[in-house]
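Both counts, for ligands and for their atoms, begin at 1 and track the order of listing. Along the sequence shown, residues carry numbers from 1.
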Amino acid sequence: MNAQNGKQIWLEAWLEGKPLDTSLCKVNHPPYRFVFLGAPGVGKGTVAQLMAERLGVAHLATGDIFRAAKSLPQDKLSPALREAIGYMQRGELVPDETVISLVRERTACLHWPAGFVLDGFPRTVPQAEAFQGILVKEGLKLDAVLNFELPIDFIIARLSGRRTCPKCKAVYHIVNNPPKQPGVCDVCGTELIIREDDRPEAIRVRMEVYKKSTAPLIDYYESKGLLKTVVAKGTPVEVYARTLNVAGIV
Ligand code: AMP
């Protein structure tokens with residue numbers, strides 16, 4: 001399997017709910033199953049992207065589903081998804097029931113043979129409890145929950161320089177991880193954008209929401225003995241190498 005083809009298959013299943021043919025994934029390692037936690041801008045999406053490229057794992061980001069839904073015609077969206085886009089644009093969390101039912105519709109992706117990294121879900125304790133039920137039902141177990149830590153001034157610098165590909169979801173940074181040609185995606189040639197929720201007003205809301213709703217997940221997963229910490233300072237490749245180390249992959 002070519003890593004890029006593999007990505008296309010699970011990405012369509014994740015973003016659009018298309019059927020997933022797992023027999024197309026050929027890897028020579030056991031499935032890795034992780035949840036990534038950390039404030040917006042900490043760089044966990046970039047590490048997840050590298051894990052997808054290099055190990056073939058499915059990078060499952062709930063935020064990507066909402067952003068993909070935003071570019072669809074309004075009449076193609078369910079009322080719940082239309083409502084969810086409004087929350088996302090304001091930087092607020094989408095209601096738990098909406099996110100949980102969305103993940104329930106996409107449990108096939110959790111069975112991707114190379115494994116998965118969940119990025120941005122669960123985001124609250126009720127979501128984590130519901131996800132635990134989903135894992136039990138699907139007969140799956142998490143290897144670990146990795147918590148990415150970075151001081152706030154580093155986070156703000158990362159968010160303000162972030163550029164995203166609206167098509168293939170690749171993430172760049174104008175200084176730390178620039179595309180080969182400025183403003184253009186290396187992978188698919190699409191023009192890069194600044195995410196709407198990376199605007200300063202939305203960033204402030206997202207940081208507050210993180211402290212209130214997502215930080216309690218650290219205690220939740222610590223109490224389950226699953227939590228491991230990754231120091232997220234350094235270049236993407238350095239943080240990636242540290243992540244594999246903490247995760248016990250190398
Ligand atoms: P992200 O790309 O993970 O920062 O997500 C972008 C936005 O999508 C968030 O600010 C929320 O509005 C929404 N979102 C993504 N994942 C979740 C989730 N698990 N629970 C609630 N809202 C979410």
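- Ring centroid separation for the pair F34 and F116 does not come in under the 6.0 Å cut-off.
- Polar contact check, T62 against ligand 1: a nitrogen or oxygen pair lies under 3.5 Å apart.
- Only the side chain of V99 comes within 4.0 Å of ligand 1, counting heavy atoms alone; its backbone N, CA, C and O stay farther away.
- R162 places no side-chain N or O within 3.5 Å of a backbone atom of H173 that could act as its donor or acceptor partner.
- Side chains of T124 and D96: a donor-acceptor N/O pair is present below 3.5 angstrom, by distance only.
- Protein heavy atom closest to atom 12 (O) of ligand 1, with residue, atom name and distance, is E92 O, 2.5 Å.
- A cation-pi contact, defined as under 6.0 Å to the ring centre and within 45° of the axis, is absent between R206 and Y210.
- In this structure, K26 contributes its side chain and S23 its backbone to a donor-acceptor pair below 3.5 Å.
- Counting non-hydrogen atoms of neighbouring residues, nucleotides and ligands closer than 6.0 angstrom, the CD atom of E12 exceeds 12 such neighbours.
- What sits closest to atom 22 (N) of ligand 1 on the protein, heavy atoms only, is V94 N, 3.0 Å.
- At a 4.0 Å cut-off, at least one heavy atom of R67 sits close enough to ligand 1 to count as contact.
- Ligand 1 places these atoms under 4.0 Å from at least one heavy atom of G120: 16 (N), 17 (C), 18 (C), 19 (N).
- The shortest contact between atom 7 (C) of ligand 1 and any protein heavy atom is with M88 CG, 3.6 Å.
- Applying the salt bridge (Lys or Arg N to Asp or Glu O under 4.0 Å) definition to pairs two or more places apart or across chains, none involves residues 221-239.
- Considering all non-hydrogen atoms of both residues, Y32 and L55 come closest at CE1-CD1, 4.0 Å.
- Ligand 1 has an N or O atom lying under 3.5 Å from an N or O atom of Q127, backbone or side chain.
- The residue among R206, K44, R123, K169 with a heavy atom at the shortest distance from atom 5 (O) of ligand 1 is R123.
- Near D197, meaning under 4.0 Å from one of its heavy atoms, ligand 1 places the atoms 6 (C), 7 (C).
- The nearest heavy-atom contact from the protein to atom 23 (C) of ligand 1 is F66 CE1, 3.9 Å.
- Residue-ligand proximity: R195 is placed with a non-hydrogen atom under 4.0 Å from ligand 1.
- Although no hydrogens or angles enter the test, the distance criterion places a donor-acceptor pair under 3.5 Å between the side chain of D186 and the main chain of K180.
- Between P122 and ligand 1, not a single N/O pair is under 3.5 Å apart.
- Counting heavy atoms under 4.0 Å from ligand 1, residue D96 does not touch it at all.
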